[in-house]
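The first residue in the sequence is number 1, and the count goes up from there. Whatever order the structure lists ligands and atoms in, that order sets their numbers, starting from 1.
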Amino acid sequence: MQQALRLCTEVLLQPGDQAWMEDPGYPAARRILQSRGTTLIPVPVDAAGLDAAAGRALAPAARLAYVTPSHQFPTGVTMSMARRIALLDWAHEAGAWVVEDDYDSEFRFAGPPLTALAGIDGPGLDGQGRVIYIGTFSKTLFPGLRIGYVVLPPALVTPFAAARAVMDRFPPSLLEGALAELMTSGAFAAHLRRMRSRYRTARDLVAEAVTRAAKGCLTVTVPDQGLHLVATLPADLPPTAASDIRAAAGTEGWLLSETRLIPGGADGFVLGYSGHSPAALKQAAARLGAAAEAYCRRHAAALVK
Ligand SMILES: Cc1ncc(COP(=O)(O)O)c(C=O)c1O
C-alpha cells in the first residue's frame, strides 16, 4: 500500500491539493499524503463507512479520496452500497480519484464475499474508471516482504510505471518470482485457508480475554474480517486514559485517538491479533483488560470522593 499511495500522490496530486481522508483513519496513509504536501480533509466515518455527502459539503473539489471500504481502518465497518455509489458518483462528477485500500479482504470470517469498489465502478462520460485498487501481501504473508499491487484505470498505467521507475527502478524479481510460485502451486490458497481459521480463533481469544479482564470498562467490537479489533473505553475518562492504560499494560498498538484527525469521542485500542502465539496474545489482552479495569475503578473512586 505504502508505495502505491506514494505513487498516487506523485502522479495524481499537486502539493496543496485536497484529499478526503477517513476520520478516524489509517495513520500511515495520512502520513504519506501529508509528506507530499496534500491538504487532508477529514471526512467522518459512521456505521455505513465514509460519508460522501459530508465530504462533498467539506471539499467538493478534492482531487482524491483514500478509503478502506471492505473493512474500515480502524472501526471495522463495511461501506454500504448506497455510500459506495455516492462516493463513485462524486468522483465521476468531480473528476477525482478514489484510492481503495483493500488490505485484509483475504481474511473474511463471516458473511458473503464483498465486491470491491473497483468492481462496481464503470467508465464515466470520459470513458475512464475513477478507482485505484490497492492490494498488499503484508497481511496474507508478512509486512517485511514489501510486495503489494495496484489495479489502475488503463490511462494511468504508463504514468504510474514511469513514476515507479524513477523511485525504484528494479522491482524485487527474486521475491516476486517466489511469490508467483507460491500462488501457482496452490500453497498460497492453502495458507490463506489455514490462517483464516487460526486468525478467527485468535480474534475470539483476544476479544474474550480483554472483555473478561476489563469487567465492563471496555466495549469490544468483534469484526467479521481482518486482523484487528477495536476495544473502546467509556467516553468520560480523562484524555490520557488510553495511553496510561497502554503503558501500564506494556502493550503496543494504535490508540483510537491516534487514528483521528479531529480529536474527540471515546478513546480506546486497536488490537492486532496476528504475528504472535495464541498464548502471548491472550496474556497481552488480559493485561490490557486488567489495566483498563484498574483505571476505570480508580477513576470511579476518585469521582465519588
Ligand atoms: C489500513 C491498512 N492499509 C494497508 C496496510 C498494509 O500496508 P503495506 O502494504 O504498506 O504494508 C495495513 C497494515 O497494517 C493497514 O492497516
Side-chain angles (χ1 to χ4, degrees), residues 1-10 19-36 38 40 42-43 45 49-50 64-79 87 97-109 114 116-118 131-152 160 163-164 167-168 171-172 175-176 179 183 188 192 195 199 202-203 206 221 223-231 251-261 268-276 281:
M1 183 289 289
Q2 189 178 16
Q3 190 178 43
L5 186 58
R6 176 75 199 262
L7 285 168
C8 290
T9 64
E10 296 233 353
W20 293 3
M21 176 76 205
E22 295 172 328
D23 189 21
Y26 186 41
R30 181 171 84 207
R31 283 188 209 124
I32 295 165
L33 289 165
Q34 279 174 327
S35 74
R36 303 281 307 158
T38 306
L40 294 186
V43 179
V45 170
L50 172 127
L64 181 146
Y66 166 84
V67 285
T68 48
S70 307
H71 184 228
Q72 203 273 330
F73 188 94
T75 62
V77 302
T78 301
M79 192 183 285
L87 178 61
W97 299 101
V98 176
V99 176
E100 176 173 29
D101 179 5
D102 200 14
Y103 62 105
D104 65 9
S105 286
E106 295 86 354
F107 296 120
R108 193 152 172 76
F109 308 122
L114 301 170
L117 271 180
V131 179
I132 293 154
Y133 177 94
I134 299 176
T136 181
F137 290 94
S138 286
K139 299 285 188 187
T140 48
L141 293 171
F142 57 100
L145 190 58
R146 304 318 295 144
I147 296 184
Y149 51 94
V150 51
V151 183
L152 295 162
F160 267 66
R164 161 86 196 252
M167 200 182 270
D168 174 16
L175 285 177
E176 286 178 351
L179 179 55
M183 295 178 96
F188 183 69
L192 291 187
M195 294 314 291
Y199 287 141
R203 174 198 69 176
V206 166
T221 311
D224 281 345
Q225 178 173 315
L227 306 184
H228 74 270
L229 57 78
V230 172
T251 52
E252 291 178 3
W254 304 107
L255 303 182
L256 267 186
S257 51
E258 291 167 339
T259 70
R260 290 202 177 101
L261 282 156
F269 308 91
V270 182
L271 304 181
Y273 43 81
S274 61
H276 298 276
L281 288 168

Under the 3.5 angstrom rule, does the side chain of [X] hit a backbone N or O of [Y] as a donor-acceptor pair?
X: Tyr273; Y: Gly226; answer: yes
X: Thr68; Y: Phe73; answer: yes
X: Glu100; Y: Ala118; answer: yes

Please report which non-hydrogen protein atom sits nearest to atom 3 (N) of ligand 1, along with the residue it belongs to and the distance in Å to one decimal place.
Asp101 OD2, 2.6 Å
What is the nearest protein non-hydrogen atom to atom 2 (C) of ligand 1, stated with its residue, atom name and distance?
Tyr26 CE2, 3.3 Å
Within the structure, does Met1 bring an N/O atom to less than 3.5 angstrom of an N/O atom in ligand 1?
yes
Pairs of nitrogen or oxygen atoms closer than 3.5 Å, one from Thr136 and one from ligand 1: do any exist?
yes
Show the atoms of ligand 1 that are less than 4.0 angstrom away from any heavy atom in Gln2.
10 (O)
Students often mix this up, so state it plainly: with edges at 30° and 60°, are the rings of His228 and His71 parallel, tilted or perpendicular?
tilted
Of the backbone atoms (N, CA, C, O) and the side-chain heavy atoms from C-beta on, which set of Arg146 has a member under 4.0 Å from an atom of ligand 1: side chain, backbone, both, or neither?
side chain
For ligand 1, which part of Ser138 has a heavy atom less than 4.0 Å away: the side chain, the backbone, both, or neither?
side chain
Tell me whether ligand 1 is touched by Lys139 - counting only heavy atoms on the residue side and a distance under 4.0 Å.
yes
Is the shortest side-chain heavy-atom distance between Trp20 and Val67 below 4.5 Å?
no
Min side-chain heavy-atom separation Ser70-Gln225 under 4.5 Å
yes
